[in-house]
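Notes follow once the structure below has been shown.
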Amino acid sequence: MAASTRALFLSCFHGGGAEVSRHLALRPRYPSMPRRPRTVAVTGDASEAGGSGGDLEAAKGAAEKEEEKVAVFAVTGMTCSACAGSVEKAVKRLPGIHDAAVDVLGGRAQVVFYPAFVSEEKIREAIEDVGFEAKLINEEVREKNILVCRLHIKGMTCTSCTNTVESALQAFPGVQRASVALATEEAEIRYDRRIVAANQLIQAVEETGFEAVLITTGEDRSRIDLKIDGVLNERLIMILESSIQALPGVEDIKVDTELHKITISYKPDQTGPRDLIEVIESATSGDVTASIYPEAEGREHHRYGEINRYKQSFLWSLVFTIPVFLTSMVFMYIPGTKDGLDKKVVNMMSIGELLRWILSTPVQFIIGRKFYTGAYKAMCHGSPNMDVLIALGTNTAYFYSVYSVLRAATSENYMSNDFFETSSMLISFILLGKYLEILAKGKTSEAIAKLMDLAPETATLLIHDHEGNVVGENEIDSRLIQKNDVIKVVPGGKVASDGFVIWGQSHVNESMITGESRPVAKRKGDTVIGGTVNENGVLHVRATFVGSESALAQIVRLVESAQMAKAPVQKFADQISRVFVPLVIVLSVLTWLVWFLAGRFHGYPRSWIPSSMDSFQLALQFGISVMVIACPCALGLATPTAVMVATGVGASQGVLIKGGQALESAHKVDCIVFDKTGTLTIGKPVVVNTRLLKNMVLREFYDYVAAAEDNSEHPLAKAIVEHAKKLHSEENHIWPEARDFISVPGHGVKANISDNILIVGNKSFMLSSSIDIPLEALEILTEEEEKAQTAIIVAMDQEVVGIISVSDPIKPNANDVISYLKSMNVESIMVTGDNWGTANAIGKEVGIEKIIAEAKPEQKAEKVKELQLSGKTVAMVGDGINDSPALVSADVGLAIGAGTDVAIEAADIVLMKSNLEDVVTAIDLSRKTFFRIRMNYVWALGYNIIGIPIAAGVLFPSFRFRLPPWVAGAAMAASSVSVVCWSLLLRYYKSPKTFAN
């Protein structure tokens with residue numbers, strides 16, 4: 001299982017996105033796993049002698065051909081969508097397939113592939129292998145034109161902002177899909193580079209009033225930013241450009257003299273960052289040094305920068321707001337200071353009023369300028385947001401206060417009543433709330449940060465001579481590792497990149513990547529994964545996948561894509577946000593109008609109004625309170641923050657969830673359909689029992705059998721040979737020679753071993769070979785079949801000498817998993833292509849009552865649809881090609897991580913550890929996540945539904961209770977922080993205790 005799990009990461013995670021077909025609609029309903037054509041297999045022999053072996057050269061030569069081809073096949077025999085699914089999945093499992101689409105009505109299959117890794121003939125054979133006739137009718141060469149760009153967007157505060165940016169991007173020509181996430185402050189845009197460029201997308205975002213910073217254009221696998229230290233002039237720049245351009249594989253160079261940065265696009269198979277740095281430093285004779293550019297443009301830098309900006313703004317606002325607060329609400333009640341503050345300066349304008357005006361002005365216009373710019377840009381695009389409410393509320397308080405103070409300064413009897421403390425304290429509390437909110441939001445992506453931290457900072461590079469001997473070693477930045485470098489990994493050290501062992505043996509702890517709890521033995525030729533820990537022994541590893549191509553980087557990328565994908569429930573918040581701000585503005589104006597008119601025409605009892613206010617000022621306070629207490633931010637953060645934390649937590653526990661839709665569907669699941677082989681069972685046959693019917697030594701018996709079965713490729717034969725090896729202490733035991741070997745498919749094998757005629761096979765093979773089966777053997781056969789085990793008869797010289805029982809063992813805890821699912825009110829059903837006898841035996845052992853056996857792939861999908869029509873929300877758990885139609889048909893598809901690439905591509909959730917108990921974890925995590933989301937919505941909606949009427953003064957006539965605007969603003973800021981913190985509690989999620997061990 002460990003080997004198959006590792007194979008997943010080195011084949012499935014090393015990939016790129018799928019390109020949408022121009023001719024056949026290809027609309028996946030979930031993010032696909034990253035894929036890339038696998039390189040030519042490199043053997044241990046080829047890896048020696050400094051990597052000059054033929055296989056390496058072949059891989060290098062093949063990788064240089066980067067163009068894609070599009071082939072169209074005429075496929076006959078397809079009758080339904082299940083047939084089309086079978087063809088599509090069979091093609092996609094081939095190496096070098098970029099994408100495939102099947103048109104069942106037109107009888108066509110269009111395949112986008114890399115000719116360096118797979119041929120049209122191989123694709124045609126793959127289609128015919130699943131039972132359909134295929135003929136090539138058209139082919140063309142295609143470049144990779146559909147890319148996925150990621151942008152960091154500054155200044156978004158609520159879902160109204162994200163909707164504005166998303167709409168602007170969606171309307172841009174060449175953009176196929178745009179998704180904007182408030183929680184991560186990022187946009188993911190799928191675009192056609194022939195129509196639109198990444199800088200145009202940035203411009204489109206900035207035209208909506210937000211700042212956009214490029215994270216990736218979709219081509220970053222061959223792009224690097226280098227920092228240049230030294231004085232740059234025109235001559236040096238010209239030398240640098242010409243020297244770098246002369247390197248093989250360099251495609252583009254951009255020099256930014258202000259930032260001292262060089263951006264280089266290159267082919268990673270021909271050059272790398274270390275070569276580029278060496279050329280730069282040698283070309284300038286040491287006048288200039290180069291290093292990898294600090295990730296100053298990365299997400300963490302932006303987040304920390306934003307945190308610092310809000311922190312500085314808040315602290316500066318306190319410098320002015322605290323004196324304003326003291327002069328208006330504290331010193332006014334202290335006799336000595338009150339007299340000083342009440343002293344008149346000009347007519348009726350007092351010293352206190354003048355001080356508050358002076359102190360609140362910097363807060364309003366300098367510290368709070370971001371609210372002005374945000375509100376202006378939002379109004380320009382007709383999408384009012386939170387900034388509009390804050391700007392209106394604070395401006396109303398500030399400018400009314402200015403009017404009141406100026407009127408007092410020009411009057412001898414007008415008593416001024418200012419609200420300067422309202423505007424300054426309101427801005428201060430909102431800045432504090434945003435600061436805390438950003439701090440909390442940063443915690444939601446901790447899982448990704450932990451994954452990225454797995455990679456070591458440095459690596460030991462081995463230097464070889466021309467004969468392949470190690471002549472030295474250098475410690476380098478791990479980001480400078482290039483393909484085919486040989487890296488030394490010491491005991492206790494981390495593997496710096498994906499690769500394969502060319503020397504040494506050890507055990508490697510891969511639990512942080514694959515979830516495999518036991519260290520995995522590694523020797524020459526075995527693959528290793530970057531970020532894993534070497535337990536003992538020294539390894540020399542040849543790097544194959546580095547940087548963003550590594551399995552670790554691909555996992556991070558998948559989790560990031562999942563966090564970008566919106567859950568359907570998010571649409572609820574989006575709909576509310578479109579009308580929320582305009583509605584609040586209307587309510588605020590109505591509140592002020594109602595209170596003002598009531599006081600003007602009906603009058604209030606004097607006890608209702610504070611001595612320092614009139615009815616107009618009281619109504620104004622109510623109106624401002626309504627405007628600033630309303631909070632669309634909490635609604636906008638309710639879903640994405642919970643989804644972000646859940647997908648990160650899931651990834652850390654070996655459950656890769658492909659976005660919010662998968663999470664939302666999973667929490668509704670009330671029926672799970674299990675495949676048998678590889679899902680409920682381990683998927684690898686092993687010998688479980690041996691019954692000798694003749695007096696002979698067990699090891700001698702297995703020597704004979706293994707000698708014959710060693711020539712067979714059948715899984716049962718391999719299981720017998722593996723069992724026979726365990727009976728010998730030496731590692732490479734040599735079996736007796738097998739002469740006259742005959743293999744009869746579906747029956748068994750026959751061979752001459754040491755002058756003994758050995759026949760190994762099933763009952764029908766024995767009878768056809770004229771061998772009498774004794775009664776004792778027949779009883780054993782019946783007994784083993786009832787146990788769902790395969791009985792293999794061994795006959796020597798026409799006499800039955802033994803029976804070997806082979807079984808596919810049930811996975812540990814399978815019974816407990818089914819039992820726990822039942823306690824969660826989830827029904828379990830087993831659908832398998834195996835015979836009824838075996839299916840019933842397995843079902844009985846694991847506790848599944850509903851069983852469907854001898855089912856074809858399309859019948860599995862039909863069963864899923866039948867259950868859905870009965871009103872159930874169905875999840876399908878499988879691992880093979882034959883499961884992919886059902887995985888696609890199910891509401892939630894869960895793929896066992898050790899399964900085929902096809903099943904993993906088709907699934908919504910990938911169980912990386914291949915442990916069945918992770919099915920429970922996935923369902924339980926989704927339920928707890930959506931409990932958090934529901935509670936977030938209850939709080940966000942409840943806060944607004946209750947808070948707005950209180951701010952409007954509904955309690956004032958009865959209880960004389962009113963909410964000052966600055967208190968309302970503090971409550972508004974607290975609501976967003978509370979929603980984020982509630983989502984953050986998911987970080988402490990633990991899978992059910994039943995499976996904790």
Side-chain angles (χ1 to χ4, degrees), residues 50 152 213-217 219-302 304-305 452-453 455-465 470-490 493-494 496-497 530 543 545-550 553:
H152 175 81
V213 179
L214 181 67
I215 297 175
T216 170
T217 63
E219 299 175 294
D220 280 4
R221 197 172 289 173
S222 58
R223 195 193 80 171
I224 189 170
D225 293 330
L226 296 178
K227 183 181 180 182
I228 303 300
D229 291 321
V231 179
L232 287 178
N233 51 45
E234 290 185 6
R235 176 178 164 276
L236 273 180
I237 292 173
M238 185 181 68
I239 292 174
L240 286 175
E241 288 180 341
S242 58
S243 300
I244 296 170
Q245 195 69 57
L247 274 176
V250 173
E251 297 176 339
D252 186 46
I253 303 170
K254 293 180 181 178
V255 180
D256 188 329
T257 54
E258 291 185 7
L259 296 177
H260 279 243
K261 180 172 72 171
I262 296 183
T263 301
I264 306 167
S265 297
Y266 63 95
K267 295 179 180 178
D269 291 310
Q270 297 183 28
T271 189
R274 206 166 59 253
D275 294 338
L276 296 169
I277 290 174
E278 288 176 3
V279 166
I280 290 171
E281 294 181 349
S282 62
T284 57
S285 303
D287 293 338
V288 167
T289 59
S291 59
I292 292 183
Y293 200 82
E295 296 182 4
E297 300 300 319
R299 176 193 304 157
E300 287 303 303
H301 172 79
H302 292 304
Y304 289 130
M452 296 177 73
D453 287 342
E457 292 184 1
T458 60
T460 302
L461 175 69
L462 295 180
I463 303 171
H464 294 78
D465 60 19
V470 177
V471 295
E473 57 184 53
N474 286 330
E475 185 173 330
I476 63 171
D477 189 320
S478 62
R479 294 173 296 176
L480 296 177
I481 296 174
Q482 299 177 180
K483 286 186 178 180
N484 297 327
D485 281 346
V486 177
I487 304 300
K488 178 181 176 181
V489 187
V490 298
K494 287 184 177 181
S497 74
F545 302 110
V546 298
S548 58
E549 293 182 310
S550 68

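Heavy-atom basis, side chains included; hydrogens, waters and symmetry copies ignored. Residues: numbered from 1 along the sequence shown.
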For Val490, which residues count as a side chain to side chain contact (heavy atoms under 4.5 Å, CB included) partner, sequence neighbours excluded? Lys488
Taking the side chain from [X] and the backbone from [Y], do they hold a donor-acceptor pair closer than 3.5 Å?
| X | Y | answer |
| --- | --- | --- |
| Ser478 | Pro456 | yes |
| Asn474 | Ile476 | no |
| Glu475 | Thr458 | no |

First locate atom [atom1] of [X], then atom [atom2] of [Y], and finally report the distance between them rounded to the nearest 0.5 Å.
| X | Y | atom1 | atom2 | value |
| --- | --- | --- | --- | --- |
| Ile228 | Ile237 | CD1 | CD1 | 10.0 Å |
| Lys494 | Ile487 | NZ | CD1 | 16.0 Å |
| Asp485 | Ile463 | CG | CD1 | 10.5 Å |
| Glu473 | Thr460 | CD | OG1 | 6.0 Å |
| Ile264 | Ile253 | CD1 | CD1 | 6.0 Å |

Quick one: do Val250 and Leu276 satisfy side-chain contact (heavy atoms from CB on, under 4.5 Å)? Show the steps, please. CA-CA 9 Å; Val250 173; Leu276 296 169; 4.1 Å; yes
So which heavy atom on [X] is nearest to which on [Y], and how close?
| X | Y | value |
| --- | --- | --- |
| Ala543 | Gln482 | CB-O, 3.7 Å |
| Ile280 | Ala290 | CG2-CB, 4.0 Å |
| Val546 | Ser497 | CG1-CB, 4.1 Å |
| Glu281 | Thr289 | OE2-CA, 3.7 Å |
| Leu480 | Arg274 | O-NH1, 2.9 Å |
| Arg479 | Ile292 | CB-CD1, 3.4 Å |

Between Leu240 and Val255, does the side-chain contact (heavy atoms from CB on, under 4.5 Å) criterion hold? Intermediate values first, please. CA-CA 9 Å; Leu240 286 175; Val255 180; 5.9 Å; no
Heavy-atom side-chain contact between [X] and [Y] under 4.5 Å:
| X | Y | value |
| --- | --- | --- |
| Ile481 | Leu461 | no |
| Leu236 | Val288 | yes |
| Asp229 | Lys227 | yes |

